[in-house]
Protein chains: 2
Amino acid sequence: MAKTRAPGPIRAATAHDVARLAGVSQSAVSRAFTPGASIAPDTARKVAEAAARLGYRPNLIARSLITRRSSIIGVAAAYLENPFYPAMLEALSTALEGAGYRVLLFTARPGESSDPILEEVLRYRLDALVMASASLSSRFALECRQAGIPVVLLNRRTEDGATSSVTGDNHGGAALIARFLAAGGHRRPAFIAGLENASTSREREAGFREALAALGLPPPLRAVGHYDFAEAARAARELLSAPERPDALFCANDHMAFAALGVARREFGLEPGREVSIIGFDDAGPASWPVVDLTTYAQPIQPMAARVLSILSHHLADPAAPAVGAVMPGELVLRGSARLPPQGVVTQEGRLVWKP
Amino acid sequence: MAKTRAPGPIRAATAHDVARLAGVSQSAVSRAFTPGASIAPDTARKVAEAAARLGYRPNLIARSLITRRSSIIGVAAAYLENPFYPAMLEALSTALEGAGYRVLLFTARPGESSDPILEEVLRYRLDALVMASASLSSRFALECRQAGIPVVLLNRRTEDGATSSVTGDNHGGAALIARFLAAGGHRRPAFIAGLENASTSREREAGFREALAALGLPPPLRAVGHYDFAEAARAARELLSAPERPDALFCANDHMAFAALGVARREFGLEPGREVSIIGFDDAGPASWPVVDLTTYAQPIQPMAARVLSILSHHLADPAAPAVGAVMPGELVLRGSARLPPQGVVTQEGRLVWKP
DNA sequence: ATGAAAGCGCTAACAG
DNA sequence: CTGTTAGCGCTTTCAT
């Protein structure tokens, strides 16, 4: 009577099984699956055949244990309601997958410290960590560095600059917006801030204020939207109710501008682009939808993702390399939500941008 | 002269190091980090101290090799431009993280077969796989099953029903929309399809047509938007240019409805909700933005994510359990883009829904 | 309750 | 080019 296989989870074939079937040693099997290894074509063929027959796939877990590299990169993301982040995540994931990495996703609960989840980064021996949006304690960044795990911040930066980062040109973009508004004849600009402690919001505000001052315009009215849709709507409401109503609203990101757009049109009957100008920052997907049609400073998503990968590779190759802070230039994309100035409007790659 | 540590990536502390420092055996250290294990409180304390001193963290890779469980679940997602998916991804990730799993993200390139990436699923010995949006060859699903890896499809279903799935009530929701339009006095409804071979689009169309027929209304005009923004805009343009202009547009998902909204208002000067009714499916984030204000059938994102987890747990506990196809009921959320019928409009949890 | 010993499936010297 | 031999860091019997 034939002995039947035990039921339940059939154990996957191992390199040993393949070796036995192919009549070679187990190390030969290993070599057959290692790109650069020296192996006779004939042996490789025999192994390939046996492997195919058994449905063998090298166990990456076992490989990682030895090589101490998992080919997995942690990506901490949150705030996915803001359509900028899914786009960034997709670009980043594509870039990393293209380079042979897998992405382990951490969606930090807003408010929660990201540290507990990030403990896992160390436990799983991830090759590197990309922090998009979530905050990171400097203690943890240090610990990662000690463990030899490169960290790159995306669209975020620490005070000390000790951790590598990739950001858009927050300061320059905001300054450009100030000049754009001035050129368009706006005289009472206002600003809706994001989170007070976020580098993006602070840098954008600083760039805006400084440029405004340099142009001889008054400092902007200001309200805080905490990068939250409902709170941004409240902020817009507050600003548009001011005795001297602002003639322009610069929102620290598109997500808040989407809220402001609705408030202006539906609650104040102000047509964006005609009676009030509303400008965002990011060029998140919906900004280009005709129903939304938001003028905004576009962050270059693909190049930013590519830059993250290159910095990561750089750190992986040389663990002692110093941190780099990459600032990627973007463009002011002109749509219907802000009045155009008489000069500097040019078409570029099928879209209107402002080049003073 | 004191011997200094070798430079470069300092090797992380192992259970052996901790054991040596604590003066216990390596297995004692293992037990100290295993929740249910029998260990003397005193020993546990000594181990904890030594571990803290060395910054020791159990290597999950090594553990996985033995336990054959990685606590990692693969999630294949794509089409993140459609804001429904980031929301789903976030909910799913939160649910899985809450249950102690990590999420390995696969962003299948559109068009590409998902199989090559999914090979990785097998190599990494993932515990399970959730397919949101990406297509999955039945060959691969079979292979996963043979390898004992549970697969759950999210917002997608196979013909044969051999793979577990969680979907919204596509047929029922679409039928409800048909009845809603009829009740609102619409007489010439049209339909914008998504991808012709997607179960979501097919089921929504079938539900819509059948209900329309039952109501004695003519079959809807039809155009295909392929779940793509630009193509959906084209489809809307085509339908709204028809000699007998439709008085309602049901789009197979919100993302396409966002495009239709823009076309109606900007290109045809038709105010959605007054001159033409536009309805979507999903209740993706922007649908509720006042600038957008889309009437749509809401899929219950959180419950769907929770259901995926429960089905996964079920399959993990019993690998031989049969596939289940969960259909989660949603609600028709009323906003400004579609004319309201005189009856059945009720307020529920702060929003307007239709309960005929 | 604890330690010794045997692997998990694989890679990486090392001889041949 | 190939097989043999050690482990990677951990969990898990099995005695004690």
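Lettering of chains follows the sequences in order, A, B, ..., and the numbering in each one begins at 1. Keep in mind that what you see is a predicted model, and the values were worked out from it rather than measured.
- Closest-nucleotide positions on DNA chain C for B:V24 and B:A62 were compared, and the one nearer the 5' end corresponds to B:V24.
- Heavy atoms of B:T14 sit under 4.0 angstrom from primed sugar atoms or phosphate atoms, though from no base atom.
- Two residues are said to be in side-chain contact when any heavy atoms from C-beta on lie closer than 4.5 Å; B:V308 and B:L96 fail this criterion.
- Nearest nucleotide to the side chain of B:L65, out of D:dC1, D:dC8, D:dG9: D:dG9.
- Atom C1' of nucleotide D:dG9 and atom CZ of A:R123 are separated by 15 Å, given to the nearest angstrom.
- Between A:I39 and B:N59, the residue anchored closer to the 5' end of DNA chain D is A:I39, taking for each the nucleotide with the nearest heavy atom.
- In this structure, the CZ atom of B:R57 is 17 Å from the C1' atom of D:dC10, given to the nearest Å.
- The aromatic ring centres of A:Y79 and A:F84 sit 6.0 Å or more apart.
- An OP1 or OP2 oxygen of D:dG9 is reached within less than 4.0 angstrom by a side-chain nitrogen or oxygen of A:R68.
- Among the protein residues, A:F33 comes within range of no part of the nucleic acid, since none of its heavy atoms lies under 4.0 Å from any strand.
- Electrostatic pairing of B:E120 and B:R123 counts as a salt bridge here, judged by a charged N lying under 4.0 Å from a carboxylate O.
- Taken to the nearest 0.5 Å, the CG atom of A:L80 stands 4.0 Å off from the CD atom of B:E90.
- Atom CD1 of A:I66 and atom C1' of D:dT5 are 12 Å apart (whole Å).
- Under the side chain to side chain contact (heavy atoms under 4.5 Å, CB included) rule, A:H315 has a single partner from A:P322, A:S310, A:S164, which is A:S164.
- Salt bridge status for A:R53 with A:E49: absent, with no side-chain N to carboxylate O gap under 4.0 Å.
- No engagement by B:T34 is indicated, since no non-hydrogen atom pair under 4.0 Å with the nucleic acid exists.
- The distance from atom CD of B:Q26 to atom C1' of D:dG7 is 14 Å, rounded to the nearest whole Å.
- In this structure the side chain of A:L129 reaches within 4.5 angstrom of the side chain of A:M131, judged on heavy atoms.
- Heavy-atom contacts of chain A under 4.0 Å fall on DNA chain C between two terminal nucleotides, which in 5' to 3' order are C:dG9 to C:dA13.
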